[in-house]
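Each remark here refers to the structure printed beneath this line.
In this chain, residues are counted from 1 in sequence order.
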Amino acid sequence: SVALNDEDSDGIASSYPLQLNGGTIRSSLGMDADLSFTPPNTASINIDGNIPDITSTVVPNNSVYDTGDVTWTFRANFDQVVTVTGSPRWVIDIGGTIRYATYASGSGTTQLVFTHTIQTNDIDLDGISVANSGNLDLNGGTITDANSNPATLSLGSPVVSGIILT
């Protein structure tokens with residue numbers, strides 16, 4: 001099996017002859033098996049156990065915002081190019097109400113962009129917070145690298161408590 005961060009970009013190699021590690025292979029007549037074989041060509045079998053990680057985030061500026069007049073942009077930067085399917089979202093808590101910054105762009109790059117338009121009833125006098133345990137919500141979609149490895153969804157701890165809505 002492939003472990004996290006295992007990589008081999010020039011093809012795996014197989015062992016010749018078979019290694020029994022103290023075991024035996026015998027026929028029903030008790031004869032030891034011939035362990036020699038022609039190894040298969042595995043030069044084109046590459047391993048990528050390196051999953052995409054979020055390396056940094058960009059959030060709206062700490063400021064006091066009026067409701068209904070601005071669209072916020074949130075960005076998640078990855079350590080490798082990612083592909084997005086569906087509508088992942090950044091979950092935010094505005095005054096005790098869950099809102100979503102929805103995926104807007106970035107598939108095929110290292111930066112995903114999410115946007116949220118402030119609604120008339122969005123009020124938070126002590127600062128918004130990141131919800132969903134600080135993780136992106138796939139919302140039925142996917143975020144993967146070129147080899148279909150799923151991305152980690154942890155946003156770290158972006159500081160958004162200085163974003164006030166009145």
Side-chain angles (χ1 to χ4, degrees), residues 1-16 18-19 21 38-65 69-119 122 124 126-165:
S1 65
V2 177
L4 181 63
N5 295 321
D6 277 356
E7 289 196 47
D8 188 334
S9 60
D10 62 356
I12 63 172
S14 59
S15 178
Y16 174 80
L18 290 176
Q19 303 294 318
N21 292 330
T38 302
N41 181 355
T42 57
S44 65
I45 299 174
N46 299 320
I47 304 297
D48 176 10
N50 187 10
I51 60 175
D53 287 315
I54 297 173
T55 57
S56 65
T57 57
V58 179
V59 298
N61 292 328
N62 286 337
S63 187
V64 176
Y65 296 89
D69 67 354
V70 71
T71 296
W72 286 333
T73 300
F74 297 81
R75 292 179 173 86
N77 297 306
F78 288 82
D79 61 355
Q80 58 184 292
V81 171
V82 293
T83 300
V84 176
T85 64
S87 300
R89 53 197 184 178
W90 187 308
V91 187
I92 51 181
D93 181 327
I94 299 176
T97 301
I98 297 299
R99 299 282 191 220
Y100 302 99
T102 56
Y103 170 70
S105 65
S107 186
T109 72
T110 58
Q111 184 180 82
L112 301 184
V113 177
F114 302 82
T115 58
H116 172 71
T117 301
I118 299 172
Q119 299 173 24
D122 285 346
D124 198 324
D126 62 356
I128 70 169
S129 61
V130 176
N132 197 37
S133 301
N135 295 308
L136 291 175
D137 174 23
L138 290 176
N139 190 31
T142 64
I143 303 173
T144 60
D145 68 9
N147 292 312
S148 299
N149 292 317
T152 58
L153 303 177
S154 174
L155 295 166
S157 299
V159 177
V160 294
S161 59
I163 299 172
I164 310 293
L165 285 163

Checklist line | Side chain proximity check, Ile51 to Asp145, heavy atoms < 4.5 angstrom | finding: no
Next item on the list: Test Phe74 against every option in Thr102, Val59, Leu155, Val130 by the side-chain contact (heavy atoms from CB on, under 4.5 Å) rule and name the one that passes.
Entry: Val59
Next item on the list: List in chain and number order the residues that pass side chain to side chain contact (heavy atoms under 4.5 Å, CB included) with Ser105, two or more places apart in sequence or in another chain; answer none if no residue qualifies.
Entry: Val113
Notebook entry, point to check: Can you check whether Ser63's main-chain N or O pairs, donor with acceptor, with Asn61's side chain at less than 3.5 Å?
Noted result: no
Notebook entry, point to check: Short question: side chain of Thr85, backbone of Thr142 - any donor-acceptor pair under 3.5 Å?
Noted result: yes
Check: Which salt bridge (charged side-chain N to carboxylate O under 4.0 Å, His left out) pairs, counting each pair once, include a residue from residues 78-106, with sequence neighbours left out?
Finding: Arg89-Asp137, Arg99-Asp122
Next item on the list: Please report the closest heavy-atom contact between Ile164 and Asp126, naming both atoms and the distance.
Entry: CD1-C, 3.8 Å
Check: If only atom types and distance count, is the side chain of Ser133 paired as donor or acceptor with the main-chain N or O of Asn135 below 3.5 Å?
Finding: no
Margin query: Quick check on the 6.0 Å ring-centre criterion: do Tyr65 and Trp72 meet it?
Written below: yes
Notebook entry, point to check: Less than 4.5 Å apart, any side-chain heavy atom of Ile54 and any of Leu136?
Noted result: yes
Next item on the list: Please test Tyr100 against Val91 for side chain to side chain contact (heavy atoms under 4.5 Å, CB included), starting from the C-alpha separation and ending with a verdict.
Entry: CA-CA 5 Å; Tyr100 302 99; Val91 187; 3.9 Å; yes
Notebook entry, point to check: Is there a donor-acceptor pair under 3.5 Å between the side chain of Asp124 and the backbone N or O of Gly95?
Noted result: yes
Notebook entry, point to check: In terms of side-chain heavy atoms, does Asn139 have a donor or acceptor partner in Ser87 at a distance below 3.5 Å?
Noted result: no
Item checked: Donor-acceptor pair, side chain of Thr71 and main chain of Thr117, under 3.5 angstrom -> no
Margin query: Please find the pair of heavy atoms, one from Ile94 and one from His116, that lie closest to each other, and give the distance.
Written below: CD1-NE2, 3.7 Å
Next item on the list: Apply side chain to side chain contact (heavy atoms under 4.5 Å, CB included) to the pair Ile98 and Ile92, showing each step before the final yes or no.
Entry: CA-CA 6 Å; Ile98 297 299; Ile92 51 181; over 6 Å; no
Next item on the list: List the atom of Trp90, the atom of Pro158, and the distance in Å for their closest heavy-atom pair.
Entry: CZ2-CG, 4.0 Å
Check: Got a second to check how far Thr109's OG1 is from Asn77's CG, nearest 0.5 Å?
Finding: 8.5 Å
Next item on the list: Would you name the heavy atoms of Asn62 and Val159 that are closest together and state the gap between them?
Entry: OD1-O, 4.2 Å
Next item on the list: Tell me, with the steps shown, if Gln80 and Thr110 meet side chain to side chain contact (heavy atoms under 4.5 Å, CB included).
Entry: CA-CA 6 Å; Gln80 58 184 292; Thr110 58; 5.6 Å; no
Next item on the list: Grab the two heavy atoms, one from Pro52 and one from Pro150, that are nearest each other, plus how far apart they are.
Entry: CD-O, 3.8 Å
Next item on the list: Show the numbers, then the answer: is there a side chain to side chain contact (heavy atoms under 4.5 Å, CB included) between Thr144 and Val82?
Entry: CA-CA 5 Å; Thr144 60; Val82 293; over 6 Å; no
Next item on the list: Quick one: pull up CG in Asn147 and CG in Asn50 and give me the separation to the nearest 0.5 Å.
Entry: 10.0 Å
Next item on the list: Specify whether Tyr103 and Phe114 have parallel, tilted or perpendicular ring planes, treating 30° as the upper limit for parallel and 60° as the lower limit for perpendicular.
Entry: perpendicular
Notebook entry, point to check: Roughly how far, to the nearest 0.5 Å, is the CG atom of Leu138 from the CD1 atom of Ile143?
Noted result: 5.5 Å
Next item on the list: Could you note down all residue pairs passing side-chain hydrogen bond (donor to acceptor under 3.5 Å, both in side chains) where residues 150-165 supplies at least one of them, sequence neighbours left out?
Entry: Asp53-Thr152
